[in-house]
Amino acid sequence: MKKGAYSFNKIEKKWQQFWQQNSTFKAQDCNASKPKYYVLDMFPYPSAQGLHVGHPEGYTASDIFARYKRMKGFNVLHPMGWDAFGLPAEQYAVESGTHPAETTRKNVDSMRRQIMSLGFSYDWDREVNTTDPGYYKWTQWVFLKMFNSYFDETEQKARPIEQLPIPDGLTEAARQQYIDDHRLAYEAEVPVNWCPALGTVLANEEVVGGLSERGGHPVIRKPMRQWMLRITKYAERLLEDLAEVDWPESIKKLQIDWIGKSVGADVKFEVPGCDWDIWIFTTRPDTLFGATYMVLAPELDLVDMITTAEHKEAVDKYREEAARKSDLDRTDLAKEKTGVFTGGYAINPVNGAKIPIWISDYVLISYGFGAIMAVPAHDTRDFEFANELNLPIIPVVEPEDKEQADLVKKGELCFVGDGRAINSGQFDGLSTPEFKEQITNWLAERDLGRKAVNYKLRDWLFSRQRYWGEPFPILHAEDGRVLGLSEEDLPLVLPEVQSYKPSGTGEPPLANIDDWVNVTLPDGSRVKRETNTMPQWAGSCWYYLRYLDPNNVDRGWDSEKENYWMPVDLYIGGAEHAVLHLLYSRFWHKFLYDLGYVSTKEPFKKLVNQGMILGEDGQKMSKSRGNVINPDKVVADYGADSMRLYEMFMGPLEATKPWNMQGVEGVHRFLQRLWRMIIDEDTGELDGAIQEADTDEATLRLLHQTIKKVGDDNESFGFNTAISQMMIFVNHLTKQTVRPKSVIEKFILILSPFAPHIAEELWEKLGHTETLAYESWPQYDKELIKEKEIELVVQVNGRIKDRIVVSAEADEDQIKQQALASEKVTAALAGKQPKKIIVIKSRLVNIVI
RNA sequence: GCCGAAGUGGCGGAACUGGCAGACGCGCGGGACUCAAAAUCCCGUCCUGGCAACAGGGUGUGGGUUCGAAUCCCACCUUCGGCACCA
């Protein structure tokens, strides 16, 4: 190897040390002299496997943008931290006895080293770790705030629980109950997803097809006492404020679907001989005349009261079976609907018809009232059920399509679209939307129903029966009261345990530590600590706020700093967090907004998702397939700059794309060429071609075109095309025997966000003594970009016949003349008169004959 | 089943707002340098026919709009991602 060759290992180490020693990327709080810009990465879970090549993709994109913004004069906040609570470290602890904190520390150290080796411009002084008591103190604090708040329905916002209006005349116990029932963090006995293998409860989102997302173990339904967060109160705002954020439409859509708003009516069905009614929710009140039976969820308490003696045995049996079914079974059996008749009847409020009441597990307890009216003619599920069990079908909506209408009328087709009302008494002939409105009013006037809105979104199941999570700052008194710790007692530190194993009965590991669980209060009363811990999502709900003020011991974050930095201007991460993390943190943010702790409605202004990187075989990377690419190896063999450049050159940021090691060599060769273009490899000094000289026109034009293209592409995250433009530039300049220094310098600056190490090194070789991180981004000159002469394509009837070169100033007539003058064109015209000549300046001429 | 994204050379991918399809990179073929190899440099590379000039075809499939379609419209096929009885 020659003395002055591109020695990326040395160069990269040198500049990483330089940046660290000089705190080059330290963000300045509240600096009013510059506009701020907050670039955030989704922080990683520090796993034992370390970084995979998917991580650096998003991190490189955000780093390029952060560096670009600095050069554009912004005060940039670009932090990194660790989402370090979670199952793997705990599983490892169960197996090996190693404290999760120790595993975590080791993994964090190794992943930090890996991330640092890529030369990202993070302000490392702001590093956070969710498992640090100094951090989770404030996670617990937010939880306490939720525990001590309620949701004011009229104002649609959270308020301190002390302000909750309490009805008069309640006993002390009832008063307490009333308050507890309104807390945003509350306890409930709920059927949960219990995973015996993991020994914990999982959130709905963590169960995939009846199996646990992690590990793929079976999950069953089981009622347990759990902590819940009332995210449903925020459903409407979570939906509405999506309009405010600059996110990919597909991600917004996923959230909208997850929230699942539907508008319809609640309708009351009386049960003869009973003094209570069955309420149902429907989005199709216009089909009420077609309701031929009702279905209740098997779990509904009401079922007991409705079931007649002769049907009791069958009903009880069915209910028992339904309760035993796991979600997987329920999904599997969804193909064939089952159910039993209760013996009870209800009265259809619109026509007084007596209709039978059934139970079936196709009706969900957790949505609406857990009861439905069944309109088999116009609901596919009811249609299937009615056919299965031979129940009557009455068509009440006539489709426009004649053929369809005939089938619907015969009861052979289930039609769920809009149409005209039939068999609906005085409402016959109305269109579906008209009917909906009229019948809703009709019901409301008679006190039989009301307009209603329902959401699919459920309250967030917030407790886990695990060790490695934030302990709840909650005490349980002997009389059943639930007390929040006072803020001064935070953090409630996770205690040491003998065994990390869950008890298997649902009791978390913390329950085994008697002297931690049992607490005597100053007044002598004895209480027990909550032994559940929070889910991994908790710490990531607000970490972007902690970066603003990571060392503050008195507050989670300073409000002046919050005002300055928030919102996050750019958030880059994987699309797999589209609903979970992004919905949860928006919820927490809105809650904090209500209480005045943050100044913006939404935390993340712009969101960009990086796509997945596949293995070289085009398959998802996995250990078992043996196609995992180790970033350490890539950095060792080709350097961090090559790695960064390749990850961006592969294709559009959001796309899924396969890795190709030869592609890495390709960009590496580009850097080599760039190096030799500037440095004489024999001496290590500047090449003789680098001179203080005037620039030829073509080079100057290409330089300015490149500055423009790279800048524009940076703004739109089109890093792949920015890199190809830089390659075009280097290909051109390498051929020049004189390479003006001023041209080289400008080029180094625009390359620097992509390949910062080599850029800094060359910048220094060019005689600069300061880092280029804060040099201003080169400007381009519009005039210099313009070509003097333009090649146009000449078509005859859309087929290319010739090319002509015209002056950039030529007007349409001149271009026409020149085009018609072409010999090839004359030949193609074969003497015919052109009907029309279309001239698109700087593009083409099309002669139509 | 429903929703969303995407289908372009041997491969990753370019193509502004409807205007030269295939930029840039990989791979491949040929050449230079070398005793030889690596590295590097130069030339070529969508397909078919032709020595060539050139002609024809070509952006998942089939139709349509237009002087002109990878780009817009309709129908369909395939792949990937998400949801999964939410009344």
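Here is the naming used below: chain letters follow the sequence lines, and residue numbers restart at 1 for every chain.
For a distance-only test at 3.5 Å, the side chain of A:Arg803 qualifies as a donor-acceptor partner of the base of B:C20.
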### Task
Under 3.5 Å for both distances, Watson-Crick or G-U wobble, that's the pair rule; now give the dot-bracket for RNA chain B, with | marking pairs to another strand and [ ] for crossing ones.
(((((((..(((......[....)))((((((.......))))))((((....))))..(((((..]....))))))))))))....
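Rounded to whole angstrom, the span from the CD atom of A:Glu647 across to the P atom of B:G13 amounts to 14 Å. In this structure, A:Arg799 places its CZ atom 8 Å from C1' of B:G56, rounding to the nearest Å. In this structure, A:Met643 places its CE atom 21 Å from P of B:G25, rounding to the nearest Å. Atoms CD (A:Glu576) and P (B:C83) sit 12 Å apart, rounded to a whole Å. Rounded to a whole Å, the CG atom of A:Asn609 is 14 Å from the P atom of B:A5. The NZ atom of A:Lys337 sits 16 Å away from the P atom of B:A84 (whole-angstrom rounding). Rounded to whole Å, atom C1' of B:C11 lies 12 Å from atom CE of A:Met650. Atom pair A:Gln672:CD and B:C26:P shows a separation of 13 Å (rounding to whole Å applied).
Side-chain contact between A:Arg284 and A:Thr432 is present, with at least one heavy-atom pair separated by less than 4.5 Å. Looking only at side-chain heavy atoms (C-beta outward), A:Tyr646 and A:Val634 stay at 4.5 Å or farther from each other. With a 4.5 Å cut-off on side-chain heavy atoms, A:Tyr6 and A:Arg676 do not count as touching.
A:Ile800 comes within 4.0 angstrom of sugar-phosphate atoms only, judged by non-hydrogen atoms across all strands, and of no base. A:Asn660 comes within 4.0 angstrom of the backbone, heavy atoms only, and of no base. Within 4.0 Å of A:Asn720, counting heavy atoms only, lie sugar-phosphate atoms of the nucleic acid but no base atom. Residue A:Arg669 is in sugar-phosphate contact alone, with no base atom involved, counting any heavy-atom pair closer than 4.0 Å across all strands shown. Base engagement by A:Ile372 is indicated by at least one non-hydrogen atom pair under 4.0 Å involving a base atom. Counting non-hydrogen atoms under 4.0 angstrom, A:Val848 reaches the backbone sugars and phosphates but no base. A:Asn454 comes within 4.0 angstrom of no nucleic acid atom, judged by non-hydrogen atoms across all strands. Within the nucleic acid shown, A:Gly666 comes within 4.0 Å of sugar-phosphate atoms alone, with no base atom in reach, counting heavy atoms only.
Relative to the side chain of A:Met727, the nucleotides B:A87, B:G19, B:C24 differ in distance, and B:C24 lies closest.
Nearer the 5' end of RNA chain B, as judged by each residue's closest nucleotide, is the contact made by A:Arg673, out of A:Tyr367 and A:Arg673. Comparing A:Gly651 and A:Lys456 by the nucleotide of RNA chain B whose heavy atom lies nearest to each, the residue mapping closer to the 5' end is A:Gly651.
Taking atom P on both nucleotides, B:C11 is separated from B:C46 by 14 Å, rounded to a whole Å. Spacing between B:C42 and B:C47 at atom C1', rounded to whole Å, works out to 26 Å. Here the separation of B:G10 from B:C74, taken at their P atoms, is 31 Å to the nearest Å. Atom P of B:G13 sits at a distance of 16 Å from the matching atom of B:C26, rounded to the whole Å. One C1' atom belongs to B:G22, the other to B:A84, and the distance between them is 41 Å to the nearest Å. Taking the P atoms as reference points, B:U48 lies 22 Å from B:G31, given to the whole Å.
Checked against the 6.0 Å centroid threshold, A:Tyr293 and A:Phe385 count as a close aromatic pair.
Put simply, the residue from A:Phe719, A:Phe754, A:Phe729 that forms a side chain to side chain contact (heavy atoms under 4.5 Å, CB included) with A:Val710 is A:Phe754. Looking at A:Met643, A:Glu665, A:Arg669 one by one, the single match for side chain to side chain contact (heavy atoms under 4.5 Å, CB included) with A:Tyr638 turns out to be A:Glu665.
Within the 4.0 Å cut-off from OP1 or OP2 of B:A87, at least one side-chain nitrogen or oxygen of A:Ser262 is found. Between A:Arg676 and B:C41 there is a side-chain polar atom (N or O) within less than 4.0 angstrom of OP1 or OP2.
Taking the centre and axis of the six-membered ring of A:Trp258, the NZ or CZ atom of A:Arg586 falls outside the cone set by 45° and 6.0 Å.
B:G13 shows a glycosidic angle more than 90° from 0 and is accordingly assigned anti.
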Using atom names, set out every protein N or O paired with an N or O of nucleotides 77-82 of chain B below 3.5 Å, distance rounded to 0.1 Å.
none

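Looking only at distances, no side-chain donor or acceptor of A:Arg625 sits under 3.5 Å from a matching main-chain atom of A:Gln619.
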